[in-house]
Amino acid sequence: MLQRGHAYPNSFTLAFVLKACAVVVAFKEGLQIHSHVFRHGLDLSPFVQTGLLNFYAKCEEIRDARRVFDEIPERNLIAWSAMISGYARIGMVNEGLGLFREMQKVGIRPDEVTMVSIISACAKAGALDLGRWVHAFIEKNEIKLDVELSTALVDMYAKCGCIERARELFDVMPDRDTKAWSSMIVGLAIHGLAEDALAYFRRMEESKVKPNHVTFIGVLSACVHSGLVYEGKKYWLSMCQCKIEPSMEHYGCMVDLLCRASRIEEACEFVEAMPISPNSIIWRTLLVGCKNKGLLEKGEFVAERLLEVEPLNAENHVLLSNLYASGLRWDKVSYVRKRMKDNGVKAIPGCSSIEVDGFLHEFVMGDESHPEAKEIREVLMDVHRQVHRAGHEPWTSAVLHDVGEEEKVSALFEHSERLAIAFGLLKTRAPMAIRVVKNLRVCGDCHEVTKIISKLYSREIIVRDRVRFHRFVNGSCSCKDYW
DNA sequence: ATAGGGTTAG
């Protein structure tokens, strides 16, 4: 259009082109459009402004997005929503919530699109109390529960450990599309509820909604967490029949499926046969499998591949070191530690956080400053003993056939330390850990269980005080200040 | 004729 000089692009043209750049994350092209906008003085159109804002947000260039946002003289609902969504997308939860509060202060009423970003920010933060508050806000303000917002709520409740609440919401949805079904199936899968996840998948098929690649990630990971090797392979084939090209994540599920079932050799062969080059996660999954089975040589080979792909990640070196330690090869252990030092690779202690009753508990490996550190360690030891008494040494799928549903879930963890680390490092694993504790009959009510979980969460904990947490809820301090 | 939203392996 520009070369042929047929017509000058106007604000409509540029808004469309910016949308295209945002959709395919074409950063360089978008920058050119931005300069075009600037040169031709088209930056006064609100459609072009939000187009630019959304483009930067989708490219995860949040500072540029914010600059565009700050320069908009009259910010409307769309601009606020786009900015909040940008923060939520990259996990800057506090900033997103802060803007949500600010927009209400200046008298802009959020709609269902705004609320989707807010709810998804809560899901990412694992902030159940806040999520419930926002849900109540939605109902009080009679904001429409369309399929997107319902899906966001289902996802939020599932990620925050309330799988039953998620299921209730899902079951009353009038229309469910692929993403709605996927979020329900993934939610059940991360709770270790494989049977339910697979039952929902069958219902999805019956209702003629087509599964996509994310649905199959849910289905496959459900199989992984229940040791269903045969079923996992079956769904892999049916996925291929659906003409869904397996992605790295799907390969990851299969490798994990085989490793957790102690089929390390088969997992290695599977990786060898992959048509795409395995990423660090695939190699690391294999390495963890080797470590758990004490396969020194195989583990060494896998670790070399892993370190080729990702040499600067301390976790990889530590894993290799732990593999040697499990085989009492202390000479090799000190060699790995020396290599780390020589290459300037530093181990950073793992950390995580969970919100319970308005308190934000923060967990750092090796930290002992929590006032209840002693009691927490006792609870941890108790779970350790109970899991061990149930005989959950590195488990196999064969074992799973012999044990009842109750032990099935706890069998996911070889010992309580693994459990603590599992949900200390990965928030989405918390729900699964909750089920383990439930099955161990420690407690009943969901939130009650969450409290206990918070005590088990990691080695030990720093508790932030209530005042600081309130600042977090109100969004009046930025993420950086907070941490 | 134009704008903002949900699901993703370890």
Side-chain angles (χ1 to χ4, degrees), chain A residues 10-19 22 42 45-55 57-58 65 69 72 75-86 88-89 103 110-121 123 143-156 158-159 166 170 173 176-187 189-190 211-225 232 246-257 259-260 278-289 306 315-316 319 422 425-426 428-429:
Chain A
N10 61 11
S11 61
F12 286 81
T13 331
L14 291 174
F16 287 130
V17 179
L18 282 169
K19 173 80 180 175
L42 292 166
S45 153
F47 293 93
V48 173
Q49 288 164 347
T50 41
L52 279 169
L53 167 49
N54 186 46
F55 157 70
K58 288 277 172 2
F69 178 77
I72 299 175
R75 291 179 277 248
N76 61 15
L77 173 61
I78 315 287
W80 284 96
S81 300
M83 193 66 234
I84 291 170
S85 137
R89 166 180 304 275
M103 75 179 267
D111 68 359
E112 67 276 9
V113 180
T114 326
M115 298 321 287
V116 167
S117 299
I118 299 294
I119 287 292
S120 107
I143 292 169
K144 205 174 103 210
L145 268 188
D146 59 14
V147 64
E148 286 90 351
L149 186 50
S150 300
T151 303
L153 282 166
V154 167
D155 178 55
M156 186 273 290
K159 294 255 168 68
F170 180 84
M173 281 174 72
R176 308 179 189 98
D177 61 7
T178 301
K179 287 180 182 176
W181 282 104
S182 301
S183 67
M184 191 67 243
I185 290 168
V186 168
I190 63 177
N212 68 5
H213 57 292
V214 182
T215 324
F216 276 102
I217 287 170
V219 168
L220 292 175
S221 69
C223 296
V224 172
H225 297 313
S247 71
M248 196 65 85
E249 287 87 345
H250 298 109
Y251 286 104
C253 286
M254 294 308 281
V255 174
D256 198 27
L257 179 72
C259 281
R260 284 184 195 245
N279 68 3
S280 60
I281 297 173
I282 303 272
W283 290 121
R284 198 154 47 236
T285 306
L286 264 184
L287 181 53
V288 169
L306 173 59
E315 196 186 337
N316 302 338
L319 261 176
L425 294 182
L426 250 192
T428 52
R429 286 291 165 272

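Note on naming: letters A, B, ... go to the chains in the order of the sequence lines (proteins, then strands), and numbering restarts at 1 for each one.
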Mind calculating the distance between [atom1] ([X]) and [atom2] ([N]) to the nearest angstrom?
| X | N | atom1 | atom2 | value |
| --- | --- | --- | --- | --- |
| A/Phe170 | B/dG6 | CZ | P | 18 Å |
| A/Asp177 | B/dG5 | CG | P | 16 Å |
| A/Leu52 | B/dG4 | CG | C1' | 14 Å |
| A/His213 | B/dA9 | NE2 | P | 11 Å |
| A/Ile118 | B/dG6 | CD1 | P | 12 Å |
| A/Asn212 | B/dA9 | CG | P | 13 Å |
| A/Phe69 | B/dA3 | CZ | C1' | 14 Å |
| A/Leu77 | B/dG4 | CG | C1' | 8 Å |

[X] side chain: which of [options] is closest?
| X | options | value |
| --- | --- | --- |
| A/Phe12 | B/dG4, B/dT2, B/dG6 | B/dT2 |
| A/Phe16 | B/dT2, B/dG4, B/dT7 | B/dT2 |
| A/Ser85 | B/dA9, B/dT7, B/dG5 | B/dG5 |
| A/Ile217 | B/dT8, B/dA3, B/dA1 | B/dT8 |
| A/Val186 | B/dG6, B/dT8, B/dG4 | B/dT8 |
| A/Phe47 | B/dT2, B/dG4, B/dA9 | B/dT2 |
| A/Ile78 | B/dG5, B/dA3, B/dA9 | B/dA3 |
| A/Glu112 | B/dT7, B/dG6, B/dG5 | B/dG5 |

A/Tyr251 aromatic ring stacked with six-membered ring of B/dA9, 5.5 Å and 30°: no

Would you please confirm or rule out a distance under 4.0 Å between OP1 or OP2 of [N] and any side-chain N or O of [X]?
| X | N | result |
| --- | --- | --- |
| A/Lys159 | B/dG6 | no |
| A/Asn54 | B/dA3 | no |
| A/Lys19 | B/dG4 | yes |

Answer with base, sugar-phosphate or nothing: what part of the nucleic acid does [X] contact at a heavy-atom distance below 4.0 Å?
| X | answer |
| --- | --- |
| A/Ala180 | base |
| A/Met254 | nothing |
| A/Thr13 | nothing |

Heavy-atom donor-acceptor pair, A/Ser183 side-chain to B/dT7 base, under 3.5 Å: no

Under 3.5 Å donor-acceptor pair, A/Asp111 side-chain atoms to B/dG4 base atoms: yes

Close approaches to DNA chain B from residues 144-152 of chain A, in residue order (heavy atom, under 4.0 Å): A/Asp146, A/Val147, A/Glu148, A/Leu149, A/Thr151

From [X] atom [atom1] to [Y] atom [atom2], the distance as rounded to the nearest 0.5 Å:
| X | Y | atom1 | atom2 | value |
| --- | --- | --- | --- | --- |
| A/Leu220 | A/His225 | CG | NE2 | 10.5 Å |
| A/Glu148 | A/Ile119 | CD | CD1 | 14.0 Å |
| A/Asp256 | A/Ile281 | CG | CD1 | 11.0 Å |
| A/Leu42 | A/Gln49 | CG | CD | 11.0 Å |
| A/Leu319 | A/Leu287 | CG | CG | 5.0 Å |
| A/Met83 | A/Asn54 | CE | CG | 10.5 Å |

Closest contact, heavy atoms only, A/Ala166 versus A/Ala158: CB-N, 3.8 Å

Side chain to side chain donor-acceptor pair (under 3.5 Å) against A/Glu112, all qualifying residues, sequence neighbours excluded: none

For A/Asn212, side chain to side chain donor-acceptor pair (under 3.5 Å) partners two or more places apart: A/Thr215

